[in-house]
Number of protein chains: 2
Amino acid sequence: MKWDDLKSEPCPVARGLSVIGDRWTMLVLRDCFLGVRRFEQMQERLGITRHVLADRLRKLESDGVLRREAYQERPLRHEYRLTDKGKALYPVLVTLTAWAEEHVPPEKKSSMTLLSRDTGEVLEPILTDAKTGQRITHRNAVARRNID
Amino acid sequence: MKWDDLKSEPCPVARGLSVIGDRWTMLVLRDCFLGVRRFEQMQERLGITRHVLADRLRKLESDGVLRREAYQERPLRHEYRLTDKGKALYPVLVTLTAWAEEHVPPEKKSSMTLLSRDTGEVLEPILTDAKTGQRITHRNAVARRNID
DNA sequence: ATTAGTCAGTTCCAAAAAAGAACTTTCTAT
DNA sequence: ATAGAAAGTTCTTTTTTGGAACTGACTAAT
């Protein structure tokens, strides 16, 4: 199976992975959420090869997750910014972060905490149902495939 | 940079990706959550090559996400099951699913819905703070690196 | 007016990983 | 004896990476 074949799968997990299911893509997006916008900065921070970075940025742009915007002319230079579609990936980053903080301890003690921008309090992200507020776990939820 | 180097990164996103940041790994885990436990079944459902599947299962086992359990002897046969660490990945799958359902439409209309196991109602998964119940978005949350 | 530096890539080659298909081993069932 | 299943392994070919150098269009410093 190839990358683009995943796009037409009925399973949303597969479709999602067709966009972000790559070793580097999520790290690029993490940097975008941290405010990194330029090629050079990303390349240096990530230690990714320039070739692969250029490729991933192209792919993310064509998938509508990032948009390329000129921030100067002469010489023409572009930066990459998250689109709304890209920003909507935030919960995926957060849940992944929360999982890794709990289950994949770093060698050196060091960690990340999510804080409320308003109150500065530490946030503990959990998944709930928008309507009832009930917590969602693999125990009390089940996926159904809709046949149209 | 290599796979295992990611494990020692301070950033939890990188550490998380060292375990699940692979084209196939999340699809394998999706199947695990759907109850698929055997090599042959996975191989057929995913269309993954046997070689890569064997490799990914080995890796997931050594990372403590799956465990290999004998379900018969003569001939000895094993199946793969999610550990608690693996089950804790559920929110990542769910947020990815929700994102893809909204932003990566399938070519043929077809989709998945998450239902409550208790009430059968459709669930709309959102990210909230366990303490306050406030919704978490990239707008009202900020990551802080803890220096120990 | 050279020289150095920045940025966003591209080009080239070697090394690693994945695809695809056949083969193996240890059984059970016909 | 023959066929089939399960869980891999082995082999070869194709793709993807990694690593490093190079390009083009400027700008700033000497």
Side-chain angles (χ1 to χ4, degrees), chain A residues 1-9 14 17-29 31-32 35-63 66-82, chain B residues 1-7 9 14 17-29 31-32 35-63 66-81:
Chain A
M1 199 184 295
K2 278 162 202 160
W3 268 114
D4 290 338
D5 297 348
L6 283 176
K7 277 212 171 63
S8 50
E9 287 275 307
L17 290 173
S18 76
V19 179
I20 59 160
D22 171 82
R23 198 209 300 229
W24 288 114
T25 300
M26 287 289 270
L27 290 173
V28 169
L29 291 174
D31 272 13
C32 290
V36 179
R37 292 180 179 152
R38 304 204 182 155
F39 191 93
E40 291 295 314
Q41 267 179 92
M42 291 187 191
Q43 198 273 319
E44 192 175 359
R45 289 172 51 91
L46 297 175
I48 187 177
T49 62
R50 310 174 72 75
H51 191 0
V52 173
L53 177 58
D55 186 74
R56 292 305 178 277
L57 288 171
R58 246 193 306 273
K59 182 136 49 186
L60 284 168
E61 196 201 347
S62 87
D63 281 334
L66 298 180
R67 65 168 185 279
R68 206 155 150 267
E69 256 181 31
Y71 67 90
Q72 67 171 40
E73 323 213 338
R74 11 201 55 81
L76 188 56
R77 289 282 179 274
H78 296 96
E79 61 181 15
Y80 295 88
R81 287 159 166 274
L82 289 161
Chain B
M1 197 184 300
K2 278 161 199 161
W3 268 112
D4 290 337
D5 298 347
L6 283 176
K7 277 209 173 62
E9 289 273 311
L17 290 173
S18 76
V19 179
I20 60 160
D22 172 83
R23 199 208 299 231
W24 288 113
T25 301
M26 288 290 270
L27 290 172
V28 169
L29 291 174
D31 272 12
C32 290
V36 178
R37 293 182 178 150
R38 304 206 181 156
F39 191 95
E40 291 294 316
Q41 266 179 92
M42 290 186 192
Q43 200 273 320
E44 192 175 0
R45 286 173 51 92
L46 297 175
I48 189 177
T49 62
R50 309 176 72 77
H51 191 357
V52 174
L53 178 57
D55 186 76
R56 294 303 178 276
L57 289 171
R58 245 194 306 275
K59 180 134 50 187
L60 284 168
E61 196 201 349
S62 87
D63 282 332
L66 297 180
R67 66 169 183 278
R68 206 154 149 268
E69 255 180 33
Y71 66 89
Q72 68 171 38
E73 321 213 338
R74 5 205 59 80
L76 187 56
R77 290 283 180 271
H78 296 96
E79 62 182 13
Y80 295 88
R81 285 159 167 274

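Chain letters run A, B, ... following the sequence lines, proteins first, then strands; residues in each count from 1.
When the side-chain contact (heavy atoms from CB on, under 4.5 Å) test is applied to E69(A), the partners found at least two apart in sequence or on another chain are R67(A), R81(A). Partners of Q41(B) by side-chain contact (heavy atoms from CB on, under 4.5 Å), not counting sequence neighbours, listed by chain and number: V36(B), R38(B). Residues meeting the side chain to side chain donor-acceptor pair (under 3.5 Å) test with R77(A), sequence neighbours left out: none. Taking the side-chain contact (heavy atoms from CB on, under 4.5 Å) definition, one finds that E73(B) meets it with nothing, sequence neighbours left out. Applying the side chain to side chain donor-acceptor pair (under 3.5 Å) rule to T25(B) yields the partners D22(B); only residues at least two apart in sequence or on another chain are considered. With sequence neighbours excluded, the residues forming a side chain to side chain donor-acceptor pair (under 3.5 Å) with K7(B) are D63(B), listed by chain and number. Partners of E40(B) by side chain to side chain donor-acceptor pair (under 3.5 Å), not counting sequence neighbours, listed by chain and number: R50(B). Partners of R45(A) by salt bridge (Lys or Arg N to Asp or Glu O under 4.0 Å), not counting sequence neighbours, listed by chain and number: D31(A).
Dashed line: the shortest gap from a side-chain N or O of Y80(B) to OP1 or OP2 of dA6(D) is not under 4.0 Å. The phosphate of dA19(C) (OP1 or OP2) has a side-chain N or O of W24(B) nearer than 4.0 angstrom.
Nearer the 5' end of DNA chain D, as judged by each residue's closest nucleotide, is the contact made by H78(B), out of H78(B) and V52(A).
Atom CD of E61(B) is separated from atom C1' of dG8(D) by 14 Å (rounded to the nearest Å). Here the C1' atom of nucleotide dA7(D) and the CZ atom of F39(B) are 6 Å apart, to the nearest Å. Here the P atom of nucleotide dA6(D) and the CZ atom of R68(B) are 16 Å apart, to the nearest Å. In this structure, I48(A) atom CD1 and dG19(D) atom P are separated by 12 Å, rounded to whole Å. For the pair D5(A) CG and dA18(C) P, the computed distance is 17 Å after rounding to whole Å. Straight-line distance from the CZ atom of R38(B) to the C1' atom of dA5(D): 11 Å, rounded to whole Å. In this structure, the CD atom of E79(B) is 16 Å from the C1' atom of dA5(D), given to the nearest Å. Distance CE (M42(A)) to C1' (dC7(C)): 13 Å, rounded to an integer number of Å.
Under the 4.5 Å side-chain criterion, counting only non-hydrogen atoms from C-beta, R68(A) is in contact with Y80(A). For the pair V19(B)/L6(B), no side-chain contact is recorded, criterion being any heavy-atom separation below 4.5 Å from C-beta on.
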Would you list the protein and nucleotides 11-15 of chain D atom pairs, both N or O, that sit under 3.5 Å from each other?
none

Using atom names, set out every protein N or O paired with an N or O of nucleotides 23-30 of chain C below 3.5 Å, distance rounded to 0.1 Å.
from, atom 1, to, atom 2, distance (Å)
dC27(C), O3', R74(B), O, 3.4

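One finds the OH atom of Y71(B) at 9.5 Å from the CG atom of L76(B) (value rounded to the nearest 0.5 Å).
Nearest nucleotide to the side chain of Y71(B), out of dG18(D), dA6(D), dA19(C): dA6(D). Closest to the T49(B) side chain, of the nucleotides dA7(D), dA8(C), dA19(C), is dA19(C).
With hydrogens and angles ignored, the 3.5 Å screen pairs a side-chain donor or acceptor of Q43(A) with a backbone N or O of I48(A).
A heavy atom lying under 4.0 Å from DNA chain C marks the following residues of residues 53-60 of chain B, by number: R56(B).
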